[in-house]
Amino acid sequence: MLAKAPHLRQDFAASLVVFLVALPLCVGVAVASGVPAELGLVTGIVGGIVAGLLPGSSLQVSGPAAGLTVLVFEAVREHGLPALGVIVLAAGLLQLTMGALKLGRWFRAISVSVVEGMLAGIGLVIIAGQLYAAAGLKAPAAGLDKITGLPEAAAKAVGSTSALASLAVGAGTIAVIVLWRRLPAKVRAVPGALAAVVLATAVTLVFDLPVGTVEVKGLLDAVQVPGLGAFGELTSLSVLGTVVAFTLIASAESLFSAAAVDRLHDGPRTQYDKELMAQGAGNTVCGLLGALPMTAVIVRSSANVQAGARTKASRVMHGVWLLLFAALLPGALALIPLPALAGILVHAGWKLIPLRGIASLWREHRGEALILVVTAVAIVSVNMFEGVLIGLALSVGKTAWEASHLKMEVIDKGAGPVQAYLSGNATFLRLPKILDSLEALPQDRPIELDLSGLHHLDHACRTALESWAERHSAVGTEPVKMLTTTP
């Protein structure tokens, strides 16, 4: 048996670690998304067994991700839980199509600043929203309202014994997660998030604290296969926009995670198009079951690598352990206090904000840092989809501006023609600068315009240069000589 599966022992041990890491996150993401806790486990099961069996990235682990929490919550609030399965199903089919068309590698071309800005914006909204949940209060719907409403929420919490008890459980959960890393290695064999939830549950039960706990429906009751009527939602532009947002964000997050995981091990590299198809297959199944969308999750994936996983068997087995837990111990979920899950999500949201990266980026590439910040602010103040579009538009605009770098050098020897040399890329974005420089040249002197240094001359610039030359020569000056033109 071991000869046929030489790494079974390492993969088995790693699968248990990943299972323990994934369990509280699956439940926490589901509750924060406004759906039954069991649906988070369903997505984790599908991510482990379905996506885990498919080729792509051998050590990457998939499941419900904190990065999609805000988008799922908005989708469920606007369109209802029955529509979620249809949206996830459509996103999965779109991912399968993109993978088949070999588009997976193109996601690597997305600006890192946009992706980090997206995650930072999501992190801010998650933190703000879960602070309400930690106090047992209802959070406002809009991201900006969540942040501006925090002072009022704090005032309400101070005057409520149950809210203070709930906040204490949430704060204690965060403290355990943060401090867990400083404990001896043998203790850290138990994931910090799981230890925090177990301790919070024990404290809540022992002291009979007045805090809310997870509502349990049962695995089969929570699964809702989309009915034919739900597919009519796809005629709505709002729903189609949500499908596109799910697809782009889940795909980008998964493939960026794959690149990060590849740096953690020296095994087989990720095949991006196949990984995109694996994610698409998983989301298609999740959609059919009415569950949460799945992405590759860097927390679980890094835990998998660090635990010594060698093959995809570890991620498949972690899905099996999730299935056994959901089937055999569903009642255990009802003991978990909601503020403990809120604490886990606050910690997860904080890790999405690249504070050190922003400072470093500002010192070296201020334009990229600005894109990151604007994307995050747009997501908080508007919504996820439009915020990402704003970030992408800024990134494209910045790239176009930098690509149109142009230099003009003027040589005037006092006698004879004035020589003007243009080098770089002459595009319509630089037209004002080009024309200002040319019109500042002496009107009563002949001009030699050398375009040999241009890598690119677009139609708008060519037409503008010809028009300027005609105007310059119209006052009786010797015609402008264009020594070399770019084809």
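A donor-acceptor distance shorter than 3.5 angstrom exists from the side chain of Tyr132 to the backbone of Leu150, with no hydrogens or angles considered. Checked by atom type and distance alone, the side chain of Thr201 pairs as donor or acceptor with a backbone atom of Val197 at under 3.5 Å. A donor-acceptor distance shorter than 3.5 angstrom exists from the side chain of Thr43 to the backbone of Leu292, with no hydrogens or angles considered. A distance-only check finds no donor-acceptor pair linking the side chain of Asn304 to the backbone of Arg315 [under 3.5 Å]. Ser166 places no side-chain N or O within donor-acceptor distance of the main-chain N or O of Ala163, the cut-off being under 3.5 Å. Not one N or O on the side chain of Ser33 forms a donor-acceptor pair closer than 3.5 Å with the backbone of Val35. Side-chain atoms of Arg269 come within 3.5 Å of backbone N or O of Asp262 as a donor-acceptor pair. Under a 3.5 Å cut-off, the side chain of Asn283 and the backbone N or O of Val88 do not form any donor-acceptor pair. Checked by atom type and distance alone, the side chain of Gln130 never pairs as donor or acceptor with a backbone atom of Val346 at under 3.5 Å. Under the 3.5 Å distance criterion, the side-chain polar atoms of Ser360 are left unmatched by any main-chain donor or acceptor of Arg356.
In this model, a donor atom of one side chain and an acceptor atom of the other lie less than 3.5 Å apart for Ser160 and Ser162. For Glu275 and Gln271, the side-chain atoms include no donor-acceptor pair closer than 3.5 Å. Side-chain contact check for Ser251 and Gln279: no donor-acceptor pair (N or O, by modelled atom type) lies under 3.5 Å.
Atom CG in Leu20 sits 5.5 Å away from atom CG in Leu194 (nearest 0.5 Å). Asp11 CG to Leu59 CG: the interatomic distance, rounded to the nearest 0.5 Å, is 8.0 Å. Here the CD1 atom belonging to Ile49 is positioned 9.0 Å from the NE2 atom belonging to His318, to the nearest 0.5 angstrom.
Nearest heavy atoms, Ala200 versus Thr173: CB-OG1, 3.8 Å. Nearest heavy atoms, Ala139 versus Gly129: CB-O, 4.0 Å. Of all heavy-atom pairs spanning Gly280 and Leu96, the tightest one is C-CG, 3.8 Å. The two residues Val297 and Pro64 make their nearest non-hydrogen contact at CG2-O, 4.0 Å. Leu167 approaches Ala157 most closely through the heavy-atom pair CD1-CB, 3.8 Å. Residues Leu276 and Gly104 come closest through the heavy atom pair CD2-CA, 3.7 Å.
When the shell of 6.0 Å around CD of Glu78 is examined, it contains more than 12 heavy atoms from other residues, nucleotides or ligands. Within a 6.0 Å radius of CG in Leu329, other residues, nucleotides and ligands contribute more than 12 heavy atoms. More than 12 heavy atoms of other shown residues, nucleotides or ligands fall within 6.0 angstrom of atom CH2 in Trp180.
Remark: of the listed residues Leu25, Val305, Val17, Leu25 is the sole one forming a side chain to side chain contact (heavy atoms under 4.5 Å, CB included) with Arg300.
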Checklist entry - Could you walk me through whether Thr213 and Ile336 pass the side chain to side chain contact (heavy atoms under 4.5 Å, CB included) check? => result CA-CA 5 Å; Thr213 56; Ile336 300 175; over 6 Å; no

Checklist entry - Going through the checks in order, is the side chain to side chain contact (heavy atoms under 4.5 Å, CB included) test met by Trp321 and Leu23? => result CA-CA 10 Å; Trp321 309 145; Leu23 181 59; over 6 Å; no

Item to check | Chi angles and distances behind the side chain to side chain contact (heavy atoms under 4.5 Å, CB included) call for Leu54, Lys274 | outcome: CA-CA 8 Å; Leu54 296 174; Lys274 290 184 178 180; over 6 Å; no

Item to check | Steps toward side chain to side chain contact (heavy atoms under 4.5 Å, CB included) verdict (Ile177, Ile344) | outcome: CA-CA 8 Å; Ile177 295 174; Ile344 289 176; 3.9 Å; yes

